[in-house]
Amino acid sequence: MFDFRIDADDKPTMYRDLASALQGLVAGEPDAIANMANASALIYETLPDVNWVGFYRNVGGELVLGPFQGRPACIRMTFDQGVCGAAAKTQQVQRVEDVNAFPGHIACDSASASEIVVPLVRDGEVLGVLDIDSPKKARFTQEDEAGVVRLAEIMLSAM
Ligand code: SME
């Protein structure tokens, strides 16, 4: 059993603790699916005000649903579809304050109001994306972005 207690008051400390918990969780395990599954559970359990946390993997140039926590989600997206597609295509973090104002956003859960998607890029190649959704508008700040980018870096070493 893993019982991580992460209850820091400020975001940088919370993300630092979350990153070290994630590092411990994936250490020594080479299976990418297992690591993505545990990562999505840990992040979903730790971050307040999120309703979906998960991965899409680049399978033959298409984003295919991977391990996640939350409601059942859309299974496949091209690099031209959704916020995830934009992150994969541009290889840039997409931090969207209001998903309804993002052209082409794919609503898997109508409760989602904002999201952050971090591309997982190794040697110039997109392996997938880490997608986190919130029912609150503008849930993700610059501090969240820095924290989630760090989590994505850890995942890159675990897949
Ligand atoms: N938000 C995504 C679709 C996937 S779900 O939110 C899980 C998008 O538009 O990329």
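Every number for a ligand or one of its atoms is a count from 1 in the order of the listing. This structure is a prediction, so every number in the text was calculated from the model and none was measured. Every heavy atom of this structure was used, including side-chain atoms; hydrogens, water molecules and symmetry mates were not.
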Chain-and-number sorted residues having a heavy-atom contact under 4.0 Å with ligand 1 are W52, Y56, A73, M77, G82, V83, C84, H105, I106, C108, E115, D131, D133
Exactly one candidate in D98, D131, N51, V50 meets side chain to side chain contact (heavy atoms under 4.5 Å, CB included) with E115; the answer is D131
Those residues at least two apart in sequence (or on a different chain) that pass salt bridge (Lys or Arg N to Asp or Glu O under 4.0 Å) with R95 are E145
With a 4.0 Å cut-off, would you call E153 and R150 a salt bridge? yes
Counting heavy atoms not belonging to L156, are there more than 12 under 6.0 Å from its CG? yes
For the atom pair CD (Q69) and CD (E45), what is the distance rounded to the nearest 0.5 Å? 8.5 Å
Evaluate side-chain contact (heavy atoms from CB on, under 4.5 Å) for V96 paired with H105, printing each intermediate quantity in order. CA-CA 10 Å; V96 179; H105 167 253; over 6 Å; no
